[in-house]
2 protein chains.
Amino acid sequence: MAEPLDPDMFHPMCPSSALPFQIGDKWTGMIVLCLAGGPRRFTELRVPLRAITPKVLSQTLRTMCRDGLVTRTAYDENPPRVEYELTELGRSLLVLIDAVREWSDQYLPAILAARESHQV
Amino acid sequence: MAEPLDPDMFHPMCPSSALPFQIGDKWTGMIVLCLAGGPRRFTELRVPLRAITPKVLSQTLRTMCRDGLVTRTAYDENPPRVEYELTELGRSLLVLIDAVREWSDQYLPAILAARESHQV
DNA sequence: GATACTGGTTACCTCAACGATACCGGCCTA
DNA sequence: TAGGCCGGTATCGTTGAGGTAACCAGTATC
């Protein structure tokens, strides 16, 4: 259904951490992006989000479920299979994320430059 | 130059706290909005942001200065006068804030409804 | 019997953001 | 000389998001 996720899709040194912008909790935005291409399993999500611990991932997914951003579907198989999928509501965040991305392309360098030249 | 700010412009019970979105630190987005209408003095900013303490306000403004979002101009008068003003970079955030607002009008009710119906 | 896989949970800890409160220096006015 | 205005600082305490490490149940496979 969906191609495997790029293990490097979220690079730890990515300057986007300087963005004055956050989608939900720390990992919410990245999870939305991971799910953009179709439903994913718990363990699949851990691959691109290398730094996330299972506790925080399940915590974040639970919050996103509660807010109606994702659905959780458990299949009665062995080994167990659970799939998370964006709802229409969750998918609507992609538009915002794209707006942030465009802003970032245009203005993030200016923020980094301002920090650079701001001697304390 | 600019009309006085509405002391009630940020209501403590505003459901926007449920938005899966944040501009910078806790107060950054609101400060940008306060400065949208023109330069403001330190004390002027404290009016609409009733709950902010001077420490946090000056801290946040310093960060925004560092990132090139606002400028700080101190006039040599008595009593002292210091004005904060959005830079072009800071002003560019207004576009994003507006996008968030539109998203909010359309989808925030769905989030609140999802929380409502999500019995734990 | 041991080990592995999946999808988690539990208990504990850390740290930075945020808040409360008090205070400061320079000038002006009463 | 006492107080107020302005633009902050200094000190301390709290809180909660997030991280660490270990563990668990159920099944299958070696």
Side-chain angles (χ1 to χ4, degrees), chain A residues 4-5 10 12 14 16-31 34-35 39-67 69-85 120, chain B residues 4-5 10 12 14 16-31 34-35 39-67 69-85 120:
Chain A
L5 293 170
F10 301 110
C14 177
S16 71
S17 57
L19 271 178
F21 226 66
Q22 210 187 318
I23 317 269
D25 288 331
K26 180 173 181 185
W27 300 93
T28 306
M30 294 184 246
I31 292 178
C34 285
L35 294 176
R40 299 287 178 185
R41 307 176 61 168
F42 190 86
T43 314
E44 274 182 298
L45 289 172
R46 295 192 62 186
V47 174
L49 308 171
R50 270 161 307 178
I52 203 172
T53 62
K55 183 200 119 183
V56 175
L57 178 55
S58 83
Q59 215 172 248
T60 308
L61 287 170
R62 242 181 290 129
T63 301
M64 294 174 74
C65 268
R66 183 204 58 186
D67 288 353
L69 302 179
V70 301
T71 56
R72 177 185 187 279
T73 312
Y75 297 90
D76 197 9
E77 302 175 358
N78 311 102
R81 186 162 62 100
V82 177
E83 284 195 340
Y84 293 92
E85 185 168 15
V120 186
Chain B
L5 293 171
F10 300 112
C14 177
S16 71
S17 57
L19 272 177
F21 258 108
Q22 209 185 322
I23 318 270
D25 289 331
K26 181 172 181 187
W27 299 94
T28 306
M30 293 184 245
I31 292 177
C34 285
L35 293 176
R40 300 287 178 184
R41 308 174 61 168
F42 190 86
T43 314
E44 275 182 297
L45 288 172
R46 298 191 60 187
V47 175
L49 308 169
R50 270 159 310 176
I52 203 173
T53 63
K55 184 197 119 185
V56 176
L57 179 56
S58 82
Q59 217 171 247
T60 308
L61 287 170
R62 242 182 289 129
T63 301
M64 295 173 74
C65 267
R66 183 204 59 186
D67 288 353
L69 302 178
V70 300
T71 56
R72 177 185 186 279
T73 313
Y75 298 91
D76 197 8
E77 303 175 359
N78 312 102
R81 185 160 62 99
V82 176
E83 283 195 341
Y84 293 92
E85 186 168 13
V120 186

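On a predicted model such as this, the values are computed, not experimentally measured, just so you know. In the text below, chain A, chain B and the rest are named by the order of the sequence lines, each starting its count at 1.
With distances taken from any side-chain atom of B/Val56 to the nucleotides D/dG7, C/dG19, C/dG8, the minimum falls on C/dG19. The nucleotide whose nearest atom lies closest to any side-chain atom of A/Arg72 is, among D/dG8, C/dG7, D/dG19, C/dG7. Listed nucleotides: C/dT9, C/dG7, D/dG7. Nearest to the side chain of A/Pro54: C/dT9. Candidate nucleotides D/dC6, D/dT9, C/dG8 were compared by shortest atom distance to the side chain of B/Arg41, and D/dC6 ranks first. In this structure, of C/dG19, C/dG7, D/dA21, it is D/dA21 that holds the atom nearest to the side chain of A/Lys55. Looking at the side chain of B/Pro79, the nearest of the listed nucleotides D/dC6, C/dC28, C/dA20 is D/dC6. The A/Ser58 side chain lies nearest to C/dG8 when the options are D/dC12, D/dT20, C/dG8. In this structure, the nucleotide among C/dT21, C/dT9, D/dG8 sitting nearest to the side chain of B/Tyr84 is D/dG8. For B/Asp25, whose side chain is taken as the heavy atoms from C-beta onward, the closest listed nucleotide among C/dC18, D/dT9, D/dG7 is C/dC18. Distance from the side chain of B/Lys26 is smallest for C/dC18 among the nucleotides C/dC18, D/dC6, C/dT21.
Atom CG of A/Asp76 is separated from atom P of C/dG7 by 13 Å (rounded to the nearest Å). Regarding A/Leu49, its CG atom lies at a distance of 14 Å from the C1' atom of D/dG18, rounded to whole Å. Here the P atom of nucleotide C/dG7 and the CD atom of A/Gln59 are 18 Å apart, to the nearest Å. In this structure, the CD atom of B/Glu83 is 13 Å from the C1' atom of D/dC6, given to the nearest Å. In this structure, the CD1 atom of A/Ile31 is 13 Å from the C1' atom of D/dG18, given to the nearest Å. Distance A/Leu45 CG to C/dG8 P: 10 Å, rounded to the nearest Å. We find that CD1 of A/Ile52 is positioned 14 Å from C1' of C/dG7, with the value rounded to whole Å. When the C1' atom of C/dC28 is taken as reference, atom CZ of B/Arg81 falls 17 Å away, rounded to whole Å.
Residue A/Thr60 is the one, among A/Asn78 and A/Thr60, whose nearest nucleotide of DNA chain D lies closer to the 5' end (criterion: closest heavy atom). Both A/Pro80 and A/Ala51 sit near DNA chain D, but only A/Ala51 has its closest nucleotide nearer the 5' end.
Scanning both residues, B/Gln22 and B/Gly24, for their nearest heavy atoms gives NE2-O, 3.2 Å. Nearest heavy-atom pair across A/Leu5 and A/Cys34 is CD2-O, 3.7 Å. Residues A/Cys65 and A/Thr71 come closest through the heavy atom pair SG-C, 4.4 Å. In this structure, B/Pro80 and B/Arg41 approach most closely via the heavy-atom pair O-NH2, 3.1 Å.
When heavy atoms are screened at a 4.0 angstrom cut-off, B/Thr43 is found touching the sugar-phosphate backbone but no base atom. As judged by a 4.0 angstrom heavy-atom cut-off over every strand, A/Arg46 is placed among residues making no nucleic acid contact.
How far CD1 of A/Ile52 is from CG of A/Leu61: 7.5 Å, rounded to the nearest 0.5 Å. Rounding to the nearest 0.5 angstrom, the gap separating the CG atom in A/Leu69 from the CD1 atom in A/Ile31 is 10.0 Å.
The side chain of B/Arg62 contributes no N or O atom lying less than 4.0 Å from OP1 or OP2 of D/dG7.
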